[in-house]
Undergrad: 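Below is the structure I would like to discuss, written out as structure tokens.
Any value given below was found using the heavy atoms of this structure, including those in side chains, with hydrogens, waters and symmetry copies removed.
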Amino acid sequence: MNLALYGHDGAWIMVDAGITFGGDDFPGYRVMMADPHFITARRERLAGILLTHGHEDHIGALPYLWRRLRCPVYATPFTAALVRYRLAQAGAADAPVVDVSCGERFSVGPFGVEYIGMTHSIPEPSAILLSTASGAVLHTGDWKLDDRPVVGRRYDLARLHALRREPLLALVGDSTNAVVPGVTGSESALFEPLREVAEQAAGRVVVTSFASNVARLVTLARVAESLGRRFGVIGQAMERMVAVARGAGYWPEDLPALVDARHLGFLPREEVFAACTGSQGEPGSALVRMAADRHRDLLLDPGDSVIFSSKLIPGNERPVEALQTRLRALGVEVTTDTDAEIHVSGHPAQGDLARLYGWIQPPLLIPVHGTPRHLAANAAVAEACHVLQVRLMRNGDLCRLTPQGARLLGSVDSGRLTVCDDGRLLSVPSDLLGQMRTKVH
């Protein structure tokens, strides 16, 4: 549930506004987000909201918080399309969402803003360079170094190299995979492993993955085509993502037409190849309903195969284990990323972090997006790369950045809001938060 604030010359700018889910740590709290009380109390000084990409942990809070913030929202076209849909659902279709091109430079209040193209597990991820008269900050967003992305452009290597010549004060960077040695694999490497698993199936093939991973869906469509199977997607989030990808030009025109989800159940079992939501065992998702034998469009039989082409997000162990147990009880063959190389992450491992720090040579690293363990691991990589200074921050910390380094000024109130069944936002009791290990900085 990422949310960062940068202040300069009396104005503030927000980068991302995401949600998280309660999971096992917060049972009964379905959706949570950072409490933006600090900035809503200063709303007239909030110049804008910049979005790095379209994942829910970066944009999902906007529909809930928009009425409290009321300022322009900037995003690349793919992300903007997702945000406009979510805001319209929340009755905020009038919110000013401004399309920004990768590489574009513009001003928001006293900030110069530049969107720098990266690669990730969703189209149009961007790092954001914030420039001021006092210096610049690079906010990486979520990223990986994928030299052969399935959809979209490769990361902007030339611009990343050139950043070492900018008056950079700090790099604020993704720590999600900082405990993982080596480098993160490319999306393009998944075709053969997925095909090998799927071609062994005699019955239906159902693959569950993150709905936002358009590249994975394109790869699955190509795998289905190579096996002579008919491909379709099941689940509202996945269907919407394909529609947005088509509109933004990220769905290849040479792929066979998708089979409508309502028709998949009428095909012979050996012809069915479907992608669906539910990789994290989300209640009401397509795969959870299939496992309960109550999906409207597709039911599973003994001998069918379900492939989990996804990473298990910490906190979701119980629902995913329960889902896989139910599938096996139906006689379904279940394959996960522990059985075959059928998933790659969208985040940088230690080798990727080291490459980026070598290119940019930032004077200061502020690790974000991870638990304290991940932040410390990112800091260790930076120190090994001779980054001069690392500043570990906690939720709510207020830090002044100058050419002389970083100085902690104190902290502001921070916490979580939760969404009630009636749509109201309530504070999560502080005694439940304890020593939070969240992704808000």
Side-chain angles (χ1 to χ4, degrees), residues 2 4 15-16 18 52-53 55 57-58 114-122 125-130 136-149 152-166 168-189 311 313-314 343-394 399 401 405-406 437-441:
N2 300 274
V15 178
D16 291 334
T52 59
H53 65 288
H55 278 144
D57 61 326
H58 292 259
E114 179 183 354
Y115 271 61
I116 300 172
M118 302 295 283
T119 42
H120 184 43
S121 54
I122 194 171
S126 301
I128 295 176
L129 183 68
L130 295 174
V137 175
L138 180 69
H139 188 105
T140 70
D142 292 1
W143 63 277
K144 64 187 287 187
L145 298 177
D146 194 335
D147 290 309
R148 295 179 295 133
R153 299 178 180 176
R154 182 174 177 256
Y155 55 92
D156 192 342
L157 178 60
R159 186 66 184 112
L160 293 174
H161 273 287
L163 286 174
R164 70 172 63 183
R165 297 191 293 272
E166 297 284 346
L168 206 62
L169 301 176
L171 185 154
V172 179
D174 183 0
S175 307
T176 308
N177 271 358
V179 298
V180 178
V183 297
T184 301
S186 171
E187 274 290 327
S188 61
K311 174 185 177 181
I313 297 176
H343 174 70
V344 293
S345 176
H347 299 273
Q350 293 172 358
D352 305 302
L353 292 169
R355 288 173 68 190
L356 187 73
Y357 300 156
W359 295 340
I360 298 176
Q361 299 179 4
L364 165 67
L365 170 72
I366 299 177
V368 295
H369 207 305
T371 70
R373 173 173 170 252
H374 295 89
L375 306 186
N378 196 351
V381 172
E383 289 165 355
C385 294
H386 307 292
V387 174
L388 296 178
Q389 185 181 5
V390 175
R391 168 67 69 173
L392 293 174
M393 294 176 63
R394 295 173 59 88
C399 189
L401 304 177
R437 297 190 300 168
T438 69
K439 296 179 179 178
V440 188
H441 298 275

Undergrad: State which residues pass side-chain contact (heavy atoms from CB on, under 4.5 Å) with Ser121; sequence neighbours excluded, sorted by chain then number.
TA: His55, Asn213

Undergrad: Please indicate whether Arg153 has more than 12 foreign heavy atoms, meaning atoms of other residues, nucleotides or ligands, lying under 6.0 Å from its CZ.
TA: no

Undergrad: Just jot down the side chain to side chain donor-acceptor pair (under 3.5 Å) partners of Asp16, sequence neighbours excluded, or say none.
TA: Thr52, His58

Undergrad: Which pairs pass side-chain hydrogen bond (donor to acceptor under 3.5 Å, both in side chains) with one or both residues in residues 357-367, sequence neighbours excluded?
TA: Tyr357-Asn378

Undergrad: Going by side-chain contact (heavy atoms from CB on, under 4.5 Å), name the residues that satisfy it together with Ala354, two or more places apart in sequence or in a different chain.
TA: Val381, Cys385

Undergrad: Please report the closest heavy-atom contact between Gly173 and Thr140, naming both atoms and the distance.
TA: CA-OG1, 3.4 Å

Undergrad: Are Met118 and Leu160 packed together at the side-chain level, in the sense that at least one heavy-atom pair is separated by less than 4.5 angstrom?
TA: yes

Undergrad: Do Leu171 and Val387 make a side-chain contact, defined as non-hydrogen atoms from C-beta onward lying under 4.5 Å apart?
TA: no

Undergrad: Quick one: are Trp143 and Thr176 in side-chain contact, heavy atoms under 4.5 Å?
TA: no

Undergrad: Which distance, rounded to the nearest 0.5 Å, do you find between the CZ of Arg391 and the CG of Leu365?
TA: 12.0 Å

Undergrad: Sequence neighbours left out, what passes side-chain contact (heavy atoms from CB on, under 4.5 Å) with Leu169? Give chain and number order.
TA: Leu401, Pro403

Undergrad: Say you draw a straight line from CG of Leu129 to CG of Leu168; how long is it, rounded to the nearest 0.5 Å?
TA: 7.0 Å

Undergrad: Answer yes or no: is there a donor N or O on one side and an acceptor on the other, between the side chain of Gln350 and the main chain of Gly182, under 3.5 Å?
TA: no

Undergrad: Can you name the closest pair of heavy atoms from Leu392 and Ala376 and give their distance?
TA: CD2-N, 4.5 Å

Undergrad: Is there a side-chain contact between His139 and Leu130 (heavy atoms, below 4.5 Å)?
TA: no

Undergrad: How would you list, by chain and number, every residue that makes a side-chain contact (heavy atoms from CB on, under 4.5 Å) with Ala349, sequence neighbours excluded?
TA: Val180, Thr184, Asp352

Undergrad: Are Pro348 and Asp174 side-chain neighbours, meaning at least one heavy-atom pair lies under 4.5 Å?
TA: yes

Undergrad: What is the distance from atom CG of Leu356 to atom CG of Leu157, rounded to the nearest 0.5 Å?
TA: 10.0 Å

Undergrad: To the closest 0.5 Å, what do you measure between CE (Met393) and SG (Cys399)?
TA: 5.0 Å

Undergrad: Are the side chains of His347 and Asp142 in touch, meaning some heavy atoms are under 4.5 Å apart?
TA: yes

Undergrad: Compare every heavy atom of Asp147 with every heavy atom of Arg355, then report the nearest pair and how far apart it is.
TA: NH2-OD2, 4.4 Å

Undergrad: Short question: side chain of His374, backbone of Ala178 - any donor-acceptor pair under 3.5 Å?
TA: no

Undergrad: Would you give the length of the straight line joining atom CD1 of Ile313 to atom CG of Asp57, rounded to the nearest 0.5 angstrom?
TA: 8.0 Å

Undergrad: So, using salt bridge (Lys or Arg N to Asp or Glu O under 4.0 Å) as the criterion, who are the partners of Arg159 when residues are at least two apart?
TA: Glu114, Glu166

Undergrad: Can you check side chain to side chain contact (heavy atoms under 4.5 Å, CB included) on Asp146 and Val344, steps first, answer last?
TA: CA-CA 11 Å; Asp146 194 335; Val344 293; over 6 Å; no

Undergrad: Considering non-hydrogen atoms only, spot the tightest contact between Asn177 and Ser345 and give its length.
TA: ND2-OG, 2.9 Å

Undergrad: Which pairs, with at least one residue in residues 175-187 and sequence neighbours excluded, count as a salt bridge (charged side-chain N to carboxylate O under 4.0 Å, His left out)?
TA: Glu187-Arg216

Undergrad: Examine distances only and state if a side-chain atom of Arg154 and a backbone atom of Gly117 form a donor-acceptor pair shorter than 3.5 Å.
TA: no

Undergrad: If I compare all heavy atoms of Ala406 with all of Leu364, which pair ends up nearest, and what's the gap?
TA: CB-CD2, 3.6 Å

Undergrad: Partners of Arg148 by side chain to side chain donor-acceptor pair (under 3.5 Å), sequence neighbours excluded?
TA: Ser188

Undergrad: Looking only at heavy atoms, what is the nearest atom pair of Lys144 and Thr119, with distance?
TA: O-OG1, 2.5 Å

